[in-house]
Amino acid sequence: FDIAHMLTFAAGNAAKYLWRAGRKGEPSEDLRKALWYLDRVDLPCRVMQLWDEKVREQILDDLNAWKARHTGTAPILEDTADAIERLAAGDARSAQIFAQSALDRFNAGVRS
């Protein structure tokens with residue numbers, strides 16, 4: 001997962017756990033870990049200024065392609081992709097909202 005190595009430690013770990021939620025292991029555990037790291041992301045999230053336009057476009061293109069393949073079939077995964085997109089944009093608080101939404105959906109019985 002390429003985006004994680006381009007972020008700060010906390011943001012990169014949050015992205016890693018968001019990406020793997022619902023793909024490996026217990027989703028709720030990964031989402032709780034992502035939220036824990038999102039609580040520790042430096043504000044404002046120092047991300048976008050580190051990347052040139054080509055890197056930003058590639059990240060957003062990859063996320064949009066992934067979301068297009070999964071739209072409507074995996075609401076938890078859509079929320080986690082939205083959280084990663086917001087994190088890539090430097091908005092850790094919005095990422096946290098999407099991650100919490102994914103955890104709430106999982107706890108409510110909505111499966112990815």
Side-chain angles (χ1 to χ4, degrees):
F1 183 53
D2 290 337
I3 189 176
H5 77 273
M6 294 184 236
L7 299 170
T8 63
F9 179 80
N13 276 318
K16 174 185 75 173
Y17 284 112
L18 288 165
W19 191 260
R20 66 179 253 168
R23 294 174 186 82
K24 179 180 176 185
E26 178 60 35
S28 63
E29 182 178 344
D30 288 331
L31 292 168
R32 284 192 304 274
K33 288 178 181 179
L35 286 163
W36 189 87
Y37 280 108
L38 285 168
D39 279 340
R40 283 140 184 90
V41 171
D42 293 337
L43 292 178
C45 186
R46 295 170 287 131
V47 176
M48 294 303 277
Q49 65 268 29
L50 303 177
W51 300 339
D52 63 22
E53 189 61 31
K54 183 178 177 183
V55 172
R56 284 192 291 271
E57 286 177 15
Q58 183 63 50
I59 290 168
L60 294 178
D61 286 348
D62 289 350
L63 282 169
N64 286 333
W66 185 89
K67 285 169 52 177
R69 288 190 305 270
H70 294 87
T71 298
T73 60
I76 294 170
L77 298 180
E78 288 178 29
D79 280 346
T80 59
D82 287 336
I84 294 168
E85 183 177 353
R86 296 312 315 144
L87 192 55
D91 185 355
R93 290 301 158 235
S94 290
Q96 199 170 29
I97 291 167
F98 281 111
Q100 186 63 56
S101 174
L103 182 59
D104 292 346
R105 286 177 190 245
F106 182 82
N107 289 336
V110 177
R111 296 296 183 244
S112 54

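In this text, all values refer to a predicted model and were calculated from it rather than measured experimentally. When a residue number appears, it is its place in the shown sequence, counting from 1.
- F106 and F98 are not part of a single hydrophobic cluster, where members link through side-chain heavy atoms under 4.5 Å apart.
- Taking the side-chain hydrogen bond (donor to acceptor under 3.5 Å, both in side chains) definition, one finds that S94 meets it with D91, sequence neighbours left out.
- One finds the CG atom of D39 at 4.5 Å from the CD atom of Q96 (value rounded to the nearest 0.5 Å).
- With sequence neighbours excluded, no residue forms a side-chain hydrogen bond (donor to acceptor under 3.5 Å, both in side chains) with R40.
- A distance of 7.0 Å separates CG of L31 from CG of L18, quoted to the nearest 0.5 Å.
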Considering only distance and modelled atom types, tabulate donor-acceptor pairs under 3.5 Å from the side chains of residues 82-89, sequence neighbours left out.
| from | atom 1 | to | atom 2 | distance (Å) |
| --- | --- | --- | --- | --- |
| D82 | OD1 | K67 | NZ | 2.5 |
| E85 | OE1 | K67 | NZ | 3.0 |

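- Taking CZ of R105 as the reference point, atom OG of S28 lies at 16.0 Å (rounded to 0.5 Å).
- As a member of the Ile/Leu/Val/Met/Phe/Trp/Tyr network built from side-chain separations under 4.5 Å, F9 groups with Y17, W36, Y37.
- Annotation for L38 and A92: closest pair CD2-O, 4.2 Å, computed over non-hydrogen atoms.
- Residues that satisfy the salt bridge (Lys or Arg N to Asp or Glu O under 4.0 Å) test with E26, not counting sequence neighbours, are absent from this structure.
- Counting all heavy atoms, side chain and backbone alike, R32 lies closest to L103 at CG-CD2, 3.9 Å.
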